[in-house]
Amino acid sequence: MDLMTAARKVRDHAYAPYSGFKVGASLRSRDGQVFAGCNVENAAYPEGTCAEAGAIGAMIAGGATEIAEMLIIADCPRPVPPCGGCRQKLSEFAGPDVVVTLATLSGETQVTTVGALLPGAFQTGDMGAVPVPVAVAAQD
Ligand code: THU
């Protein structure tokens, strides 16, 4: 399935009763699988999770660890800017050159990269002795 179809489809399942802002995210992992996630809000607001986090969680559950391409869609006046936390999450599973397409429901898109979204991301290498995961090591 293409990423746009997957993200639009999963967005329909978003649980966003508090913000009313439904988001869908899809990604293709390096091994060719497509995973998708939507935002899931909670009455305890900070406990809610973003669509990107859902897609990454599905990827990890599916046995993949590296993102090759990502797409995020929302009913937004401009292509949806991912939140700071999601930019950091993405940077752990995708190299800086990985393409991220930001989209609106009405069909506008903006193509960017993980590195452009978060230059100078904190990496496990910054912790010195901590082992570097495969996906991150591949970027060096
Ligand atoms: N949200 C996402 O799922 N992804 C983003 O990149 C931006 C924000 C969600 C979180 C919350 O459920 C709602 O949008 C409003 O912030």
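Note that the structure is predicted; figures quoted are calculated from it, not measured. First listed ligand is number 1; within each ligand, the first listed atom is number 1.
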OG1 on Thr65 to CZ on Phe93, rounded to 0.5 Å: 8.0 Å
Which pairs of donor and acceptor atoms, one on a side chain in residues 68-90, lie under 3.5 Å apart (sequence neighbours left out)?
unit_1 : atom_1 : unit_2 : atom_2 : d
Arg87  : NE     : Pro82  : O      : 2.7
Arg87  : NH1    : Leu117 : O      : 3.1
Arg87  : NH2    : Pro82  : O      : 3.0
Gln88  : NE2    : Phe122 : O      : 2.9

Can you name the residues that come within less than 4.0 Å of ligand 1, going by heavy atoms only? Ser19, Phe21, Val23, Asn39, Glu41, Cys50, Ala51, Glu52, Pro82, Cys83
Salt bridge (Lys or Arg N to Asp or Glu O under 4.0 Å) partners for Arg8, two or more places apart: none
Per the ring-ring contact (aromatic ring centres under 6.0 Å, His included) rule, what does the pair list look like for residues 27-61, sequence neighbours excluded? Tyr18-Tyr45
Ignoring hydrogens and geometry beyond distance, is a side-chain donor-acceptor pair present between Glu41 and Ser19 at under 3.5 Å? yes
Report yes or no: do Leu3 and Val114 belong to one cluster of Ile/Leu/Val/Met/Phe/Trp/Tyr joined by side chain heavy-atom distances under 4.5 Å? no
